[in-house]
Amino acid sequence: MASDKENPYLAHLPPSERGVSSGARNGSANPAAKEPLYGFMPRKVNGNQVRKALEHETNPFTKLPHTPQYRKILEARKKLPVYAQMDEFYKMFSNNQIIVMVGETGSGKTTQIPQFVAYSDLPHTRGKLVACTQPRRVAAMSVAKRVADEMDVQLGRQVGYSIRFEDMTEPGTTFLKYMTDGMLLREAMNDPDLQRYSTIILDEAHERTLATDILMGLLKALAKRRPDLKIIIMSATLDALKFQKYFGLTTDAAAPLFKVPGRTHPVEVFYTQEPEPDYVEAAIRTVLMIHRAEDPGDILLFLTGEEEIEDACRKIKLEADDLINQDPDSVGPLVCIPLYSSLPPQQQQRIFDAPPSARTPDGPPGRKVVISTNIAETSLTIDGIVYVVDPGFSKQKVYNPRIRVESLLVSPISKASAQQRAGRAGRTRPGKCFRLYTEKDFMTELEEQTHPEILRSNLANTVLELVKAGIKDLVRFDYVDAPAPETLMRALELLNYLAALDDDGNLTPLGAIMAEFPLDPQLAKMLIVSPEFRCSNEMLTITAMLSVPNVWLRPNNQRKEADAAKALLSVPDGDHLTLLNVYNSYNQNKYDKNWAWTNYLSARALAQADNVREQLKRTMERYEVELVSIQDPKKLYFAIRQALCCGFFMQVAHKEGEKGNYLTVKDNQVVGLHPSCGLDNQPEWVIFNEFVLTTRPYIRTVTEVRVEWLLEYATQYYDLSTFTDGETKRALQRAANKRAGKFDRVDGADGGAQKKRKK
DNA sequence: GAGCACTGC
């Protein structure tokens with residue numbers, strides 16, 4: 001490398017270092033006095049150099065003098081366990097392309113390691129970035145803010161973050177970027193070499209989110225194509241060896257491990273002697289036992305869902321009140337606080353309230369009990385928790401590729417999860433964890449790790465992203481854990497029916513555009529084809545509404561009122577049309593802040609839909625998907641239902657008999673219309689957005705369609721030779737005959753196309 | 001006549 005141009009690494013160095021004579025040009029005999037990074041050789045930086053630069057009076061990235069706040073924070077940083085191992089880190093980082101790092105809670109890895117890397121990579125001198133991914137948006141935002149403060153720069157300039165709907169970076173200036181794993185995966189889709197980055201750090205890899213898992217596969221392959229790219233996988237202890245082996249560049253060499261101790265307090269673990277037949281009852285009993293007998297300190301109880309949590313809250317409150325009445329001198333007041341994700345943020349904030357005070361000045365102190373879903377296991381940290389009650393269950397997503405259904409199932413947690421839960425008791429001082437199962441069950445029955453999400457999900461979306469990223473052979477892709485072949489086959493099959501992939505598995509032009517939308521392939525497809533039906537404005541709305549959580553509120557004590565409000569907004573032809581109507585009404589009443597609430601709708605979800613709609617609209621404009629509408633409302637509703645068929649022709653059910661049962665097409669599952677469904681009759685053919693398995697199998701968000709549309713817009717899928725014999729096939733046959741102009745001699749019926757409404 | 005574990009684009 002002869003010139004500065006070829007070696008941008010040297011650009012930041014004083015002229016003398018670049019081979020240009022003169023320290024005198026700096027006006028100083030010692031250039032290091034002015035230039036904090038003087039003498040830094042990229043990726044050959046050591047701890048001494050960095051420590052010196054950190055103490056320097058000038059900020060090397062802004063060239064401004066360091067503020068007093070910087071110095072104060074720096075003193076705190078020096079006490080982090082990871083700071084003591086800076087030399088070791090630089091040695092390992094300089095000598096290896098891929099590192100696996102483990103650091104427990106409180107080690108400082110998430111804030112410090114990316115900064116260490118920045119001092120070594122010097123990405124600002126060559127227009128590169130250091131990226132650090134997080135599974136959650138809030139984490140990406142809050143860590144970026146913290147690190148910007150630590151580096152004495154403004155958030156969004158040298159240090160920024162990038163999450164969906166919010167890009168807090170400045171191109172050309174930002175060189176350290178925190179981002180969600182999903183965001184980096186999106187980037188990899190369009191730039192498989194991730195050229196912008198000099199180092200990529202995957203944080204919280206042990207959580208094994210779908211996006212992180214896919215990124216690990218992509219980065220492993222990319223490391224061979226880009227020897228200049230460095231990769232750090234950060235994880236909890238238990239998984240380290242698995243990642244080391246996976247990222248070993250040869251079969252027998254593992255990636256090196258950089259290990260940093262955590263800083264937490266010990267937690268004493270107790271087990272029950274016998275298995276508990278009813279874990280909710282046992283949990284309530286344990287909470288009350290702690291309240292009566294243990295020292296002050298708040299309690300965290302893990303349960304599986306909203307209903308269970310609200311129920312337990314009521315029961316604990318009743319029993320605690322009884323205790324106080326019986327024994328006011330030795331039992332203090334107790335508050336129960338529920339915590340789950342669908343609670344409005346304001347109510348979630350209650351977990352940070354102080355525990356209730358003693359009722360008399362020298363009476364027994366009060367206690368706070370937080371009853372939470374898994375959200376408190378990773379996403380939210382509550383200070384002051386000293387006792388954890390862990391019944392050992394959580395709701396987990398499972399995917400059945402045979403019937404293409406994702407459902408939630410209450411299942412035993414893993415050992416790793418149990419340890420994570422116990423750790424929640426030791427964040428501020430030594431704590432106790434009460435496991436409501438036997439030690440033997442813990443040792444022998446619980447799985448080591450929770451199954452990674454990739455093994456429990458429908459992969460249609462992921463497969464499309466991978467194909468777009470240039471991965472041709474999905475089955476032989478080097479996954480950390482390979483999904484079931486049937487799951488991949490199902491995904492490929494769906495994408496082929498949707499014409500996103502051709503018969504050889506190649507991406508079609510349509511598929512390439514579909515991949516650009518942050519949507520399930522079915523939704524992307526119907527949105528992209530909707531201009532042909534001249535209803536793309538409406539499909540845009542419906543797609544956005546289907547992409548956000550349920551907009552309907554149904555408070556326990558006002559169910560009737562809520563149902564009545566919903567009936568007023570319902571469109572009898574289908575729930576998809578109702579969603580359109582809800583959004584339009586919301587939009588027309590935006591001046592009225594109470595509109596959502598008075599109509600029993602979630603203002604939060606509607607605002608989210610608005611946000612998603614805008615994002616999708618921008619993508620449509622970018623790919624020239626026209627935004628059009630038909631004026632005549634009757635024709636418009638027809639067009640919408642036809643466009644729906646283009647995406648959801650595989651999610652169709654046919655009415656069987658008069659009992660309200662439906663049979664899903666091809667899979668032949670017996671399902672019912674979900675009670676929330678707003679159809680005013682039972683049409684012969686319906687498409688549905690969702691199959692849910694609760695008290696029985698239901699289809700939810702349902703709209704009536706005509707059989708001839710299915711034959712017309714999904715000819716390949718409705719090839720009758722692929723159907724098993726039965727009423728559905730006979731009905732399809734009648735419709736097909738009619739289309740072909742033949743007389744149906746079996747029973748003379750017309751396939752139900754002219755069916756009358758009951759009302 | 002039911003419910004929404006949790007994330008993410």
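Labels below follow one simple rule: chain letters A, B, ... track the order of the sequence lines, proteins then strands, and each chain is numbered from 1. It should be emphasised that the depicted structure is a prediction, and the values quoted were computed from it without experimental measurement.
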So does [X] get a side-chain nitrogen or oxygen closer than 4.0 Å to the phosphate oxygens (OP1/OP2) of [N]?
X      : N     : value
A/R137 : B/dC9 : yes
A/S394 : B/dA5 : no
A/R700 : B/dC4 : yes
A/S676 : B/dA2 : no
A/T180 : B/dC9 : yes
A/Y698 : B/dA2 : yes
A/S341 : B/dC6 : yes

Checklist entry - So does A/E447 pair up with A/K415, basic N to acidic O under 4.0 Å? => result no
Item to check | A/K468 with A/E516: basic N within carboxylate O range, under 4.0 Å | outcome: yes
Could you check how far [atom1] of [X] sits from [atom2] of [N], rounded to whole Å?
X      : N     : atom1 : atom2 : answer
A/I454 : B/dC6 : CD1   : P     : 23 Å
A/L303 : B/dA5 : CG    : C1'   : 12 Å
A/K397 : B/dC6 : NZ    : P     : 13 Å
A/Q396 : B/dC4 : CD    : P     : 17 Å
A/E377 : B/dA5 : CD    : P     : 15 Å
A/M183 : B/dC9 : CE    : C1'   : 8 Å
A/E465 : B/dC9 : CD    : P     : 11 Å

Checklist outcome for this item: Between A/Q134 and A/W552, the residue closer to the 5' end of DNA chain B by nearest nucleotide is A/W552
Item to check | First encountered from the 5' end of DNA chain B, between A/L519 and A/R456 | outcome: A/R456
Checklist entry - Once the angle between the rings of A/Y586 and A/Y583 is folded into 0 to 90°, is it parallel (under 30°), tilted (30 to 60°) or perpendicular (over 60°)? => result tilted
Next on the checklist: Angle between ring planes, A/F648 versus A/H576, binned at 30° and 60°: parallel, tilted or perpendicular?
Outcome noted: tilted
Tell me what [X] touches on the nucleic acid: a base, only sugar-phosphate, or nothing, going by heavy atoms under 4.0 Å.
X      : value
A/L408 : base
A/F517 : nothing
A/N374 : nothing

Nearest to the side chain of [X] - [options]?
X      : options             : value
A/R164 : B/dG1, B/dC9, B/dC4 : B/dC9
A/S379 : B/dG1, B/dC6, B/dC9 : B/dC6
A/R554 : B/dC9, B/dA5, B/dA2 : B/dA2
A/D563 : B/dC9, B/dG1, B/dT7 : B/dG1
A/H674 : B/dT7, B/dA5, B/dA2 : B/dA2

Next on the checklist: List the residues meeting salt bridge (Lys or Arg N to Asp or Glu O under 4.0 Å) with A/R208, not counting sequence neighbours, and say none if there are none.
Outcome noted: A/D213, A/D481
Item to check | With sequence neighbours excluded, residues passing ring pair (Phe, Tyr, Trp, His ring centres under 6.0 Å) with A/F691 | outcome: none
